[in-house]
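Below is one structure, written out as structure tokens, with a few remarks after it.
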Amino acid sequence: MSRVTVYFYSDRWVPIKYCSLEKAILLHHKANLEGKEILLFPANLDPNQFSNSFK
């Protein structure tokens, strides 16, 4: 089972939870149903290192 980090963006990427990929996908779908956006990244990747490419 792959472990991922769930992030949301608020002026920078903010990690909110570490969990299995399966649980993260369920959480992503639930957030989408509520009109919220979260992103999933591999546990060993920090998206803040790449934040300039998202601005």
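Worth saying up front: this structure is predicted, and the values here are computed from it rather than measured.
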Got a second to check how far [X]'s [atom1] is from [Y]'s [atom2], nearest 0.5 Å?
X	Y	atom1	atom2	result
L21	R3	CG	CZ	13.0 Å
F41	N48	CZ	CG	9.0 Å
S20	L27	OG	CG	10.5 Å
H28	L39	NE2	CG	6.0 Å
L40	T5	CG	OG1	9.0 Å
K36	K30	NZ	NZ	11.0 Å

Legend entry - Residues that L26 engages under side-chain contact (heavy atoms from CB on, under 4.5 Å), provided they are two or more places apart: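 Once residues adjacent in sequence are excluded, L26 has no partner under the side-chain contact (heavy atoms from CB on, under 4.5 Å) criterion.
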Legend entry - V6 side chain near C19 side chain, heavy-atom distance below 4.5 Å: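 Result yes, sub-4.5 Å side-chain heavy-atom pair found.
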Inset, instruction - Answer with yes or no after comparing the ring centroid distance for F8 and W13 against a 6.0 Å cut-off, counting only values under it. - result: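 No, the ring of F8 stays outside the 6.0 Å limit from the ring of W13, centre to centre.
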Legend entry - F50 reachable from Y9 in the ILVMFWY side-chain graph, under 4.5 Å edges: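 The answer is yes; both residues are in one hydrophobic cluster.
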